[in-house]
Amino acid sequence: MKSKKVLALVCAVAMTFGLTACGNKTTTETKTAQTETTETETADLTGTISMAGSTSMEKLANAAAESFMEKYSGVTVTAEFTGSSAGVEAVLAGGVDIGNSSRALKDDEKGAGVVENIVAIDGIAVVVDPANTVADLTKEQLISIYKGGVKNWSEIGGEDAPIVVVGREAGSGTRGAFEELLEIEDACVYASELDSTGAVIAKVAATPGAIGYVSLDAINDSVTAVKLEGVEATAENIKAGNYFLCRPFVMATRGEISEQSETVQAWFEYLASDEGKEVIAAVGLIVVD
Amino acid sequence: MHSSEVIILNNQHTFSIVGNSKNKSAVEKMAQGIFTLCAFIAILAVISITVYMIINGIPALLEVGLKELLFGTVWKPTAENPSYGILYVILTSIVGTVMAVVLGVPIGILTAVFLAETAPKRLAALVKPAVELLAGIPSVIYGLLGLMILNPLMYKLELFLFKDSETHQFTGGANLLSAVIVLAVMILPTVINISEAAIRAVPNSLRNASFALGASEIQTILKVVLPTAKSGIITAIVLGVGRAIGEAMAITLVSGSSVNAPYPFNSVRFLTTAIVSEMGYAAGMHRQVLFTIGLVLFVFIMVINISLTSILKKGDKDNG
């Protein structure tokens with residue numbers, strides 16, 4: 001903590017000198033002026049931002065809040081995790097500034113005046129062991145595999161090998177998203193419920209005939225990500241809207257962002273900045289442009 | 001002698017426990033106080049853990065209902081209408097522990113007999129350190145080996161046995177049997193060391209008397225030595241049970257961790273792994289129920305400990 005403060009101080013001093021030095025050169029004057037304005041804003045901005053909503057967005061909200069408060073030390077960000085619908089209701093009622101929702105807003109919610117600000121996309125990849133010959137699954141096939149209807153790869157065009165269904169433990173955000181997107185909440189028949197993404201990848205890599213799901217960013221060479229409905233699991237495909245196993249992370253506001261308080265505007269500016277994008281990517285999410 | 005020297009050395013401010021009766025009683029009292037304090041810390045830990053487990057475990061028990069929690073078979077803690085039945089989890093812990101004991105204890109006791117009675121000295125010098133080493137291996141290592149070696153082998157067996165089964169869910173080898181084998185190996189050192197000590201404590205005069213009556217070595221071991229060492233061996237078994245039922249790290253890696261009825265080739269979840277695997281993201285009632293599972297486990301271990309104590313007391317009476 002202390003060392004961080006010292007570091008910040010050193011940086012500030014260095015920047016001041018840097019600015020003075022720059023200021024002498026006429027060519028960079030405009031840029032300098034801009035930097036100075038942001039700096040004053042950073043120092044002046046005070047207030048609070050309150051958020052409520054999706055439990056799946058807990059990691060993102062906490063990480064973003066932490067780094068935001070580090071930058072704007074006068075602002076306090078509070079976040080509660082009550083569920084997407086409760087979050088949207090709270091922002092509609094004016095109880096909080098931002099309602100976190102890990103699904104797209106419904107039409108009646110939008111009609112009531114809530115604006116959908118998508119800050120990130122959560123993508124899930126379906127992985128199989130590298131020796132598996134099945135490279136493409138349809139939504140129906142995926143559902144029946146996880147519900148226990150299809151038990152052998154040969155039923156869906158693969159080799160004659162039993163399917164070992166691997167998933168995450170109850171309460172996991174990835175499991176919640178996966179089951180929600182396929183509408184198979186608590187209907188899955190798992191052979192293995194593992195408590196981390198790494199464990200799922202290791203298990204799938206080591207077990208012939210295994211299938212599992214993980215966050216898109218966690219894929220590595222030890223497993224193969226299958227195509228879903230012919231679409232490869234990549235960030236580009238998700239952004240283009242072709243890959244169905246993904247969901248938007250929405251930070252809903254009542255009215256447009258420009259109608260919000262200065263602090264909330266700064267929050268969204270921060271999320272859209274390079275720094276904010278770094279935070280979003282660091283928690284394993286896809287950045288929206 | 002010694003104390004008088006001390007007195008001479010520190011002639012002015014003498015401090016000796018035999019110096020005078022006043023000092024003596026003060027030192028005695030202080031020592032007594034320190035001993036009591038130390039004992040109290042241990043007791044405090046036990047009491048605070050007990051109270052904490054009860055305070056945290058009871059609310060969910062009341063909320064969900066004793067019957068539904070302990071005898072329900074559906075574990076869906078995050079569903080819209082959550083269901084918190086942990087019967088399969090409890091049964092898995094019981095069945096898994098019993099199977100591990102059935103597998104591990106005979107091997108353990110016979111190893112102890114070998115070490116204490118029949119082993120050539122040089123061979124015993126080889127086996128003994130190996131057993132001690134086994135006791136020192138961290139449980140996560142057992143789990144890793146189980147995951148890397150046992151699970152693939154078990155999967156081959158599973159593929160062979162259930163080749164034509166329409167209903168069997170393939171687990172990739174992560175099943176109850178794998179967990180039981182890992183547990184059986186883990187309780188070996190406990191069983192071996194304590195049984196060996198008990199067998200060595202049998203007086204030689206009994207063995208000699210048996211030999212004098214014409215009994216062979218095997219007859220002596222089975223009919224004289226083992227029955228005499230009975231209470232020590234029972235202690236070994238009970239401690240083995242305690243180790244097996246409380247183990248989490250090793251079996252969380254090899255048991256598959258889905259809530260199913262405890263059949264050998266099912267992916268199963270134990271009381272310990274139920275807590276470990278879901279504590280990370282559990283919230284609200286789900287989290288409370290995990291504490292209740294902890295309470296159930298706590299009660300199990302308490303029962304085992306109390307029965308151990310009573311067996312030992314009974315054994316003392318029998319011997320006396």
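Atoms considered below: every heavy atom in the structure, side chains included; atoms not considered: hydrogens, waters and symmetry mates. Residue numbering restarts at 1 for every chain, and letters A, B, ... go by the order of the sequence lines.
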Any residue of residues 61-72 of chain B which, by heavy atoms, sits under 4.5 Å from chain A: none
Residues of residues 45-54 of chain B contacting chain A, heavy-atom criterion under 4.5 Å, by residue number: none
Portion of Val276(B) that has a non-hydrogen atom of chain A nearer than 4.5 angstrom: both
Toward chain A, the part of Leu253(B) with a non-hydrogen atom under 4.5 Å: neither
Proximal component of Val189(A), with respect to chain B [non-hydrogen, under 4.5 Å]: both
Side chain, backbone, both or neither of Ala210(A) within contact of chain B (heavy atoms, under 4.5 Å): neither
Please tabulate, one pair per line, the donor and acceptor atoms of chain A and chain B that lie under 3.5 Å from each other, or say none if there are none.
residue   : atom : partner   : partner atom : Å
Lys76(B)  : NZ   : Asp186(A) : O            : 3.1
Ala79(B)  : N    : Asp186(A) : OD2          : 3.4
Tyr155(B) : OH   : Pro208(A) : O            : 3.4
Gln169(B) : NE2  : Val189(A) : O            : 2.8
Gly256(B) : O    : Ser192(A) : OG           : 3.4
Gly256(B) : O    : Glu193(A) : N            : 2.9
Ser258(B) : OG   : Tyr190(A) : O            : 3.0
Ser267(B) : OG   : Ala191(A) : O            : 2.6
Arg269(B) : NH2  : Glu193(A) : OE1          : 2.9

Contact list for residues 131-151 of chain B, test salt bridge (Lys or Arg N to Asp or Glu O under 4.0 Å), sequence neighbours left out: Lys128(B)-Glu132(B)
Met69(A), CE: over 12 other non-hydrogen atoms inside 6.0 angstrom: yes
Which atom of Pro162(A) lies closest to which atom of Phe170(B), heavy atoms considered: CB-CD1, 3.1 Å
